[in-house]
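Working notes for the structure below.
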Protein chains: 2
Amino acid sequence: MPTPHYGQPRYRTIANELRQRIEDGEIPPGALLPAESTLTSEFRVSRGTIRHAIAALRDAGLVATEHGRGTYAVAFVPPASQAETKEREVAADADLAILFKIEVGAALIEREVIVRRSGRAQEVVRTYRLPDCAL
Amino acid sequence: MPTPHYGQPRYRTIANELRQRIEDGEIPPGALLPAESTLTSEFRVSRGTIRHAIAALRDAGLVATEHGRGTYAVAFVPPASQAETKEREVAADADLAILFKIEVGAALIEREVIVRRSGRAQEVVRTYRLPDCAL
DNA sequence: AGAAATTTGTCCGTATGTATC
DNA sequence: AGATACATACGGACAAATTTC
């Protein structure tokens with residue numbers, strides 16, 4: 001296979017996959033990600049592509065890397081109370097469309113964090129980003 | 001030559017050199033940097049190393065790159081990521097009404113944080129809470 | 001303490017895809 | 001359409017930091 005990168009480049013696909021594992025708790029905060037060599041085997045891509053994907057996660061602040069040690073998921077501080085997180089794809093409303101410079105109804109990724117205290121929501125945080133964001 | 005990178009790595013040396021040219025006005029704001037191929041010849045390094053150096057400058061907010069065009073020095077200081085915050089009262093939609101255990105249309109305080117990067121929104125965070133909440 | 005194995009960091013050369021001029 | 005320029009991807013080699021034995 002030469003190097004066709006139709007649509008989404010591979011490093012971005014891999015970055016999203018790894019991000020998903022972190023957000024799903026499959027790779028808990030502080031835990032090491034698989035080594036680059038391992039990821040190379042798993043995704044069947046060159047090491048450079050794996051490093052590119054990890055660099056994207058690092059830029060997004062999701063992971064940190066140390067020289068002879070490895071790359072680990074960064075621990076984020078949970079907001080004291082219980083928080084539940086959902087992520088879904090939504091259509092951009094008029095306001096968001098302007099901000100992101102996209103068309104109304106275009107796809108956006110919404111991440112919703114609900115902070116509850118004794119059943120009732122205390123705070124609801126909705127974060128929007130572009131689907132093809134480097135993250 | 002194999003790969004001796006004693007002391008400072010080459011891509012960093014090159015990044016510093018280019019930064020110097022920008023700060024000295026040799027490459028004025030808005031002007032294009034030499035093409036990657038040109039820099040490859042000038043510094044006698046591979047294109048990957050040049051790209052690494054330019055990526056460092058980009059992360060620092062000193063330059064911007066456009067696909068088939070080139071890399072140019074940015075006009076002003078790194079607006080790296082500028083956040084603006086607005087706060088307003090909104091009516092609860094169906095989802096929020098359930099979460100907060102209030103009626104649809106009841107008042108909620110919405111705080112919107114827009115993280116921009118060179119004009120376009122990179123991330124939009126909307127936080128909802130009850131009007132009579134502290135903070 | 002020291003050697004080996006593991007893992008990330010740097011660099012090269014090449015090939016091909018894609019956007020702009 | 002052609003030339004130019006950046007983007008993605010491969011594979012190989014060696015350096016440097018860390019961990020393990």
Side-chain angles (χ1 to χ4, degrees), chain A residues 1-18 22 27 30-74 101 130-135, chain B residues 1-18 22 27 30-74 117-118 120:
Chain A
M1 209 162 337
T3 315
H5 50 280
Y6 305 114
Q8 199 170 239
R10 299 194 195 185
Y11 77 87
R12 201 177 294 273
T13 304
I14 294 170
N16 283 330
E17 165 66 23
L18 292 175
I22 292 172
I27 302 175
L32 285 174
L33 271 64
E36 293 174 357
S37 57
T38 306
L39 294 171
T40 291
S41 303
E42 178 183 340
F43 289 103
R44 303 286 185 157
V45 296
S46 74
R47 196 180 150 212
T49 301
I50 293 295
R51 285 180 62 78
H52 199 161
I54 290 179
L57 295 173
R58 196 165 38 236
D59 288 347
L62 279 159
V63 303
T65 303
E66 286 177 18
H67 198 153
R69 246 176 67 70
T71 298
Y72 52 89
V74 167
K101 296 186 191 293
L130 294 170
D132 59 346
C133 177
L135 278 199
Chain B
M1 200 117 43
T3 314
H5 51 280
Y6 304 114
Q8 201 171 234
R10 299 194 194 184
Y11 77 88
R12 196 167 291 281
T13 305
I14 294 170
N16 284 332
E17 165 65 24
L18 292 174
I22 291 172
I27 302 175
L32 285 174
L33 272 65
E36 293 174 356
S37 56
T38 306
L39 294 172
T40 292
S41 303
E42 179 183 340
F43 289 103
R44 304 287 186 158
V45 296
S46 76
R47 200 181 146 215
T49 301
I50 293 294
R51 285 180 61 77
H52 199 159
I54 290 179
L57 294 174
R58 194 162 43 233
D59 287 348
L62 280 163
V63 303
T65 303
E66 286 176 21
H67 200 148
R69 237 173 75 67
T71 298
Y72 52 89
V74 295
R117 187 134 185 170
S118 57
R120 191 171 44 252

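The analysis underlying the following values was restricted to heavy atoms, covering all of them including side chains, and did not include hydrogens, waters or symmetry mates. Order of the sequence lines sets the chain letters (A, B, ...), proteins ahead of strands, with each chain counted from 1.
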For this session: Output the single nucleotide from D:dG11, C:dA15, C:dT10 whose closest atom is nearest the side chain of B:H52.
Result: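 Closest nucleotide to the B:H52 side chain: C:dT10.
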
Problem set entry | For B:Y11, all residues meeting ring pair (Phe, Tyr, Trp, His ring centres under 6.0 Å), sequence neighbours excluded |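 With neighbours one apart ignored, the set is B:H52.
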
Problem set entry | Which residues share a salt bridge (Lys or Arg N to Asp or Glu O under 4.0 Å) with B:R12, sequence neighbours left out |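 Here no residue qualifies.
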
Exercise. Excluding sequence neighbours, so at least two apart, what forms salt bridge (Lys or Arg N to Asp or Glu O under 4.0 Å) with A:R47?
Worked result: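 A:R47 satisfies salt bridge (Lys or Arg N to Asp or Glu O under 4.0 Å) with A:E36 once adjacent residues are dropped.
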
Tell me every residue that passes side-chain hydrogen bond (donor to acceptor under 3.5 Å, both in side chains) with [X], counting only those two or more places apart in sequence or in another chain.
X     : result
B:S37 : none
B:S41 : none
B:T38 : none
A:T40 : none

Seminar exercise, completed: Encoded 5' to 3' (Watson-Crick or G-U under 3.5 Å; [ ] crossing; | other strand), DNA chain D becomes .||||||||||||||||||||

For this session: Return each pair, listed once, that meets ring pair (Phe, Tyr, Trp, His ring centres under 6.0 Å) where at least one residue sits in residues 55-74 of chain A; pairs must be two or more places apart or across chains.
Result: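 Sorted result for residues 55-74 of chain A: empty, none.
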
Exercise. Has the side chain of A:R12 got a donor or acceptor atom sitting under 3.5 Å from an opposite partner on the base of D:dA7?
Worked result: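 No pair found.
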
Exercise. Which parts of residues 34-41 of chain A get close to DNA chain C, meaning a heavy atom less than 4.0 angstrom away?
Worked result: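 The answer is A:A35, A:E36.
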
Problem set entry | Nearest-0.5 Å distance, OG1 of residue B:T71 to CG of residue B:L57 |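 So the gap between those two atoms works out to 9.0 Å.
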
Provide a list of protein-nucleic acid N or O atom pairs under 3.5 angstrom, restricted to nucleotides 18-21 of chain D.
none

Problem set entry | Under the side chain to side chain contact (heavy atoms under 4.5 Å, CB included) test, residues paired with B:A31 that sit two or more places apart |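 In terms of side chain to side chain contact (heavy atoms under 4.5 Å, CB included), with neighbours along the sequence ignored, B:A31 is linked to B:I27, B:P28.
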
